[in-house]
Amino acid sequence: MAELPQAPELRGFRLGMTFEQVKARVPQIVFDRTDDLGVSKTSVNPDFDPRFDKSTFADVRTISLDFLDGRVTSLWIGYEPSFKWKSIDEFVKGISQALGVPNEWTAKGRAQQLKCSDFELSVGMIAGGPSLRIVDLPAAETLVARRQAKADAAEAQEAATAQIPVIGDTGNKIYYPVGCLSLKDVPEKKRIAFSSQEEAEKAGYKRSSSCP
(Lines give C-alpha, C1' and ligand atoms only; values in the text may rest on other atoms or scores of the structure.)
Protein backbone atom coordinates (compact mmCIF):
# COMPACT_ATOMS: atom_id res chain seq x y z
CA MET A 1 0.00 0.00 0.00
CA ALA A 2 2.87 2.35 0.80
CA GLU A 3 4.25 1.78 -2.70
CA LEU A 4 1.12 3.05 -4.50
CA PRO A 5 1.90 6.24 -6.44
CA GLN A 6 -0.15 9.43 -6.37
CA ALA A 7 -2.14 8.60 -9.49
CA PRO A 8 -4.11 11.56 -10.93
CA GLU A 9 -7.15 9.31 -11.28
CA LEU A 10 -7.44 9.27 -7.46
CA ARG A 11 -7.81 13.06 -7.38
CA GLY A 12 -5.38 13.60 -4.53
CA PHE A 13 -6.81 10.99 -2.17
CA ARG A 14 -5.08 7.91 -0.79
CA LEU A 15 -5.41 5.33 1.95
CA GLY A 16 -4.01 6.39 5.31
CA MET A 17 -4.91 10.09 5.03
CA THR A 18 -5.90 11.80 8.28
CA PHE A 19 -8.95 13.98 8.80
CA GLU A 20 -6.69 17.03 8.57
CA GLN A 21 -5.15 15.91 5.29
CA VAL A 22 -8.55 15.23 3.76
CA LYS A 23 -9.78 18.61 5.00
CA ALA A 24 -6.79 20.27 3.36
CA ARG A 25 -7.73 18.60 0.07
CA VAL A 26 -11.45 19.41 0.39
CA PRO A 27 -11.98 22.31 2.87
CA GLN A 28 -15.78 22.12 2.62
CA ILE A 29 -15.96 18.46 3.61
CA VAL A 30 -17.97 17.43 6.69
CA PHE A 31 -17.12 14.30 8.65
CA ASP A 32 -19.66 12.04 10.33
CA ARG A 33 -19.42 11.34 14.05
CA THR A 34 -16.87 8.69 14.95
CA ASP A 35 -18.65 5.72 16.53
CA ASP A 36 -17.55 3.55 19.45
CA LEU A 37 -15.58 1.28 17.11
CA GLY A 38 -13.53 4.18 15.75
CA VAL A 39 -15.43 4.34 12.44
CA SER A 40 -16.42 7.49 10.59
CA LYS A 41 -17.72 7.95 7.04
CA THR A 42 -18.21 10.83 4.63
CA SER A 43 -19.00 11.48 0.98
CA VAL A 44 -18.60 14.42 -1.36
CA ASN A 45 -20.34 15.02 -4.65
CA PRO A 46 -18.16 17.26 -6.83
CA ASP A 47 -20.51 16.96 -9.79
CA PHE A 48 -23.54 18.28 -7.84
CA ASP A 49 -22.02 20.64 -5.28
CA PRO A 50 -21.42 24.16 -6.68
CA ARG A 51 -18.72 24.80 -4.06
CA PHE A 52 -16.34 22.41 -5.80
CA ASP A 53 -13.79 23.42 -8.38
CA LYS A 54 -14.92 21.14 -11.18
CA SER A 55 -11.54 21.40 -12.90
CA THR A 56 -9.85 19.42 -10.09
CA PHE A 57 -12.63 16.83 -10.00
CA ALA A 58 -13.29 16.43 -13.71
CA ASP A 59 -15.53 13.44 -14.55
CA VAL A 60 -15.97 12.54 -10.87
CA ARG A 61 -19.50 12.13 -9.54
CA THR A 62 -18.97 10.97 -5.94
CA ILE A 63 -16.12 10.25 -3.56
CA SER A 64 -16.78 8.23 -0.40
CA LEU A 65 -14.29 7.81 2.42
CA ASP A 66 -14.33 5.41 5.38
CA PHE A 67 -12.10 6.15 8.37
CA LEU A 68 -10.87 3.96 11.20
CA ASP A 69 -9.17 5.69 14.13
CA GLY A 70 -8.95 8.89 12.12
CA ARG A 71 -7.36 7.50 8.96
CA VAL A 72 -8.82 6.63 5.55
CA THR A 73 -9.23 2.88 5.26
CA SER A 74 -11.56 2.74 2.25
CA LEU A 75 -11.69 5.05 -0.76
CA TRP A 76 -14.48 4.82 -3.34
CA ILE A 77 -14.66 7.02 -6.43
CA GLY A 78 -17.59 7.00 -8.82
CA TYR A 79 -16.77 8.47 -12.21
CA GLU A 80 -19.10 9.94 -14.81
CA PRO A 81 -19.82 8.04 -18.07
CA SER A 82 -17.63 10.68 -19.76
CA PHE A 83 -14.51 9.42 -17.92
CA LYS A 84 -11.65 8.45 -20.21
CA TRP A 85 -11.89 4.72 -19.38
CA LYS A 86 -15.45 3.86 -20.30
CA SER A 87 -15.59 0.11 -19.64
CA ILE A 88 -14.40 -2.16 -16.85
CA ASP A 89 -11.73 -3.69 -19.09
CA GLU A 90 -10.40 -0.25 -20.08
CA PHE A 91 -10.44 0.93 -16.47
CA VAL A 92 -8.67 -2.17 -15.17
CA LYS A 93 -5.94 -1.83 -17.76
CA GLY A 94 -5.52 1.90 -17.16
CA ILE A 95 -5.57 1.85 -13.35
CA SER A 96 -3.16 -1.10 -13.28
CA GLN A 97 -0.64 0.99 -15.21
CA ALA A 98 -1.34 4.14 -13.18
CA LEU A 99 -0.86 2.40 -9.83
CA GLY A 100 1.87 0.01 -10.96
CA VAL A 101 -0.04 -3.13 -9.96
CA PRO A 102 -0.14 -6.39 -11.94
CA ASN A 103 -3.00 -6.78 -14.39
CA GLU A 104 -4.10 -10.00 -12.71
CA TRP A 105 -7.67 -9.15 -11.81
CA THR A 106 -10.38 -11.73 -11.18
CA ALA A 107 -14.10 -11.51 -11.83
CA LYS A 108 -16.41 -11.01 -8.86
CA GLY A 109 -19.96 -10.86 -10.13
CA ARG A 110 -20.03 -8.03 -12.62
CA ALA A 111 -16.96 -6.39 -11.10
CA GLN A 112 -13.22 -7.04 -11.28
CA GLN A 113 -11.08 -7.41 -8.18
CA LEU A 114 -7.37 -7.42 -7.42
CA LYS A 115 -6.11 -8.48 -4.00
CA CYS A 116 -2.59 -7.44 -3.02
CA SER A 117 -0.63 -8.01 0.17
CA ASP A 118 -2.31 -5.32 2.29
CA PHE A 119 -4.94 -3.70 0.08
CA GLU A 120 -7.67 -4.63 -2.37
CA LEU A 121 -8.92 -2.94 -5.53
CA SER A 122 -12.38 -3.34 -7.04
CA VAL A 123 -13.71 -1.89 -10.30
CA GLY A 124 -17.34 -1.90 -11.37
CA MET A 125 -19.89 0.08 -13.34
CA ILE A 126 -22.52 2.28 -11.65
CA ALA A 127 -25.00 4.55 -13.44
CA GLY A 128 -23.15 4.10 -16.71
CA GLY A 129 -19.78 5.15 -15.32
CA PRO A 130 -16.85 3.21 -13.83
CA SER A 131 -16.14 3.13 -10.11
CA LEU A 132 -13.04 2.25 -8.11
CA ARG A 133 -12.74 1.11 -4.51
CA ILE A 134 -9.48 0.70 -2.61
CA VAL A 135 -9.62 -1.01 0.80
CA ASP A 136 -6.97 -1.25 3.52
CA LEU A 137 -7.14 -4.97 4.36
CA PRO A 138 -5.45 -4.93 7.80
CA ALA A 139 -7.79 -2.10 8.85
CA ALA A 140 -10.79 -4.08 7.58
CA GLU A 141 -9.65 -7.09 9.62
CA THR A 142 -9.23 -4.87 12.70
CA LEU A 143 -12.78 -3.59 12.30
CA VAL A 144 -14.16 -7.12 11.93
CA ALA A 145 -12.35 -8.12 15.13
CA ARG A 146 -13.73 -5.10 16.99
CA ARG A 147 -17.27 -5.82 15.85
CA GLN A 148 -16.94 -9.44 16.94
CA ALA A 149 -15.53 -8.41 20.32
CA LYS A 150 -18.43 -5.99 20.80
CA ALA A 151 -20.95 -8.67 19.85
CA ASP A 152 -19.29 -11.17 22.18
CA ALA A 153 -19.33 -8.67 25.05
CA ALA A 154 -22.99 -7.85 24.46
CA GLU A 155 -23.86 -11.56 24.36
CA ALA A 156 -21.94 -12.20 27.57
CA GLN A 157 -23.64 -9.25 29.26
CA GLU A 158 -27.04 -10.46 28.12
CA ALA A 159 -26.32 -13.96 29.39
CA ALA A 160 -25.13 -12.62 32.73
CA THR A 161 -28.13 -10.32 33.07
CA ALA A 162 -30.51 -13.14 32.22
CA GLN A 163 -29.30 -15.09 35.26
CA ILE A 164 -29.99 -12.28 37.75
CA PRO A 165 -32.96 -13.10 40.03
CA VAL A 166 -36.00 -10.89 39.43
CA ILE A 167 -39.26 -10.12 41.21
CA GLY A 168 -42.56 -10.13 39.36
CA ASP A 169 -45.71 -8.15 40.10
CA THR A 170 -48.61 -10.57 39.75
CA GLY A 171 -51.02 -7.67 39.36
CA ASN A 172 -49.61 -6.28 36.09
CA LYS A 173 -47.27 -9.06 34.94
CA ILE A 174 -44.21 -6.79 35.15
CA TYR A 175 -40.90 -7.99 36.58
CA TYR A 176 -38.12 -6.00 38.25
CA PRO A 177 -34.44 -6.87 38.74
CA VAL A 178 -33.53 -7.21 42.39
CA GLY A 179 -32.27 -3.79 43.45
CA CYS A 180 -34.50 -1.80 41.08
CA LEU A 181 -35.89 1.22 42.96
CA SER A 182 -39.34 0.79 41.39
CA LEU A 183 -39.67 -2.56 43.14
CA LYS A 184 -40.47 -0.76 46.40
CA ASP A 185 -43.88 0.18 44.99
CA VAL A 186 -44.89 -3.46 44.54
CA PRO A 187 -46.82 -4.81 47.57
CA GLU A 188 -45.31 -7.89 49.17
CA LYS A 189 -48.49 -9.90 48.62
CA LYS A 190 -48.25 -9.31 44.86
CA ARG A 191 -44.60 -10.28 44.53
CA ILE A 192 -43.40 -13.49 42.94
CA ALA A 193 -39.74 -14.50 42.69
CA PHE A 194 -38.09 -15.84 39.54
CA SER A 195 -34.57 -17.19 39.26
CA SER A 196 -33.89 -15.27 36.06
CA GLN A 197 -35.36 -12.89 33.50
CA GLU A 198 -35.76 -15.83 31.13
CA GLU A 199 -37.92 -17.66 33.64
CA ALA A 200 -40.05 -14.53 34.21
CA GLU A 201 -40.56 -13.97 30.50
CA LYS A 202 -41.52 -17.58 29.93
CA ALA A 203 -44.20 -17.04 32.58
CA GLY A 204 -45.58 -14.11 30.56
CA TYR A 205 -43.96 -11.25 32.48
CA LYS A 206 -42.35 -8.19 30.87
CA ARG A 207 -39.39 -6.19 32.15
CA SER A 208 -40.21 -2.87 33.80
CA SER A 209 -39.27 0.09 31.61
CA SER A 210 -38.30 2.05 34.71
CA CYS A 211 -35.37 -0.24 35.52
CA PRO A 212 -31.99 0.11 33.77
Side-chain angles (χ1 to χ4, degrees), residues 1-32 34 38-144:
M1 195 162 59
E3 297 172 358
L4 291 176
Q6 290 282 3
E9 290 78 16
L10 302 186
R11 301 299 192 268
F13 294 96
R14 67 182 187 281
L15 295 180
M17 292 178 80
T18 63
F19 287 128
E20 293 75 18
Q21 290 170 328
V22 172
K23 190 76 172 177
R25 174 67 182 94
V26 187
Q28 60 270 50
I29 200 168
V30 177
F31 302 108
D32 287 351
T34 299
V39 174
S40 179
K41 300 174 181 287
T42 190
S43 294
V44 294
N45 301 282
D47 188 51
F48 308 123
D49 194 331
R51 298 174 299 166
F52 280 84
D53 178 2
K54 299 294 191 296
S55 64
T56 63
F57 291 98
D59 298 320
V60 171
R61 183 175 60 253
T62 303
I63 297 173
S64 296
L65 304 169
D66 291 357
F67 296 82
L68 182 64
D69 299 336
R71 291 189 176 274
V72 175
T73 58
S74 175
L75 165 63
W76 183 87
I77 303 178
Y79 300 87
E80 293 289 350
S82 55
F83 188 68
K84 60 184 178 180
W85 300 324
K86 302 186 183 304
S87 69
I88 290 182
D89 290 341
E90 285 183 54
F91 199 105
V92 163
K93 181 179 179 181
I95 203 66
S96 295
Q97 293 176 348
L99 296 179
V101 296
N103 192 4
E104 299 174 357
W105 300 64
T106 58
K108 186 176 182 181
R110 297 182 178 180
Q112 292 285 323
Q113 189 175 78
L114 176 65
K115 191 170 184 179
C116 298
S117 60
D118 59 354
F119 67 94
E120 185 176 81
L121 300 171
S122 299
V123 172
M125 297 294 291
I126 296 180
S131 67
L132 170 69
R133 182 183 295 278
I134 307 179
V135 177
D136 179 333
L137 293 177
E141 292 170 358
T142 296
L143 182 55
V144 168

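FYI, side chains are in, hydrogens and waters are out, and symmetry mates aren't considered; it's all heavy atoms of this structure.
Partners of S131 according to the side chain to side chain contact (heavy atoms under 4.5 Å, CB included) rule, which considers only residues two or more places apart in sequence or in another chain, are W76, I126. Not counting sequence neighbours, the partners of S55 by the side-chain hydrogen bond (donor to acceptor under 3.5 Å, both in side chains) test are D53. Checked against side-chain hydrogen bond (donor to acceptor under 3.5 Å, both in side chains), D59 has the following partners two or more places apart in sequence or in another chain: S82. Residues meeting the ring-ring contact (aromatic ring centres under 6.0 Å, His included) test with W85, sequence neighbours left out: F83, F91. A search for ring-ring contact (aromatic ring centres under 6.0 Å, His included) contacts involving F57 returns F52, not counting sequence neighbours. For R61, the side-chain hydrogen bond (donor to acceptor under 3.5 Å, both in side chains) test picks out no residue, with sequence neighbours left out.
Residue P81 comes nearest to A127 through the heavy atom pair CG-O, 3.8 Å, listed as atom of the first residue, atom of the second, then distance.
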Per-pair distances, 0.1 Å, donor-acceptor, side chain in residues 137-144, under 3.5 Å, sequence neighbours excluded:
from, atom 1, to, atom 2, distance (Å)
T142, OG1, P138, O, 3.0

Quick one: side chains of residues 39-46, donor-acceptor pairs under 3.5 Å with protein atoms, not counting sequence neighbours, listed by atom name and distance.
from, atom 1, to, atom 2, distance (Å)
S40, OG, D32, O, 2.7
K41, NZ, D66, OD2, 3.2
T42, OG1, V30, O, 2.5
S43, OG, S64, OG, 2.8
N45, OD1, T62, OG1, 3.0

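Listed by first and then second residue, the salt bridge (Lys or Arg N to Asp or Glu O under 4.0 Å) pairs involving residues 75-87 are E9-K84 (not counting sequence neighbours). Applying the side-chain hydrogen bond (donor to acceptor under 3.5 Å, both in side chains) test to pairs two or more places apart or on separate chains, those with a residue in residues 87-103 are S96-W105. Within the structure, salt bridge (Lys or Arg N to Asp or Glu O under 4.0 Å) contacts touching residues 11-29 (residues at least two apart or in different chains) do not occur. Within the structure, no pair that satisfies the salt bridge (Lys or Arg N to Asp or Glu O under 4.0 Å) test touches residues 98-124, not counting sequence neighbours.
Between the CG atom in D49 and the CD atom in Q28 there is a gap of 6.5 Å [rounded to 0.5 Å]. Residue C116 holds its SG atom at 7.5 Å from CG of L4, rounded to the nearest 0.5 Å. To the nearest 0.5 angstrom, Q21 atom CD is 6.5 Å from R71 atom CZ. L65 contributes atom CG, which lies 9.5 Å from atom CG of L15 (distance to the nearest 0.5 angstrom).
Using a 4.5 Å heavy-atom threshold, the side chains of V92 and L114 count as separate. By the 4.5 Å heavy-atom criterion applied to side chains, F13 and V26 are counted as neighbours.
Among V135, V101, D136, the single residue meeting the side chain to side chain contact (heavy atoms under 4.5 Å, CB included) criterion with F119 is V101.
Crowding of E3 atom CD: a count of heavy atoms from other residues, nucleotides or ligands under 6.0 Å not exceeding 12.
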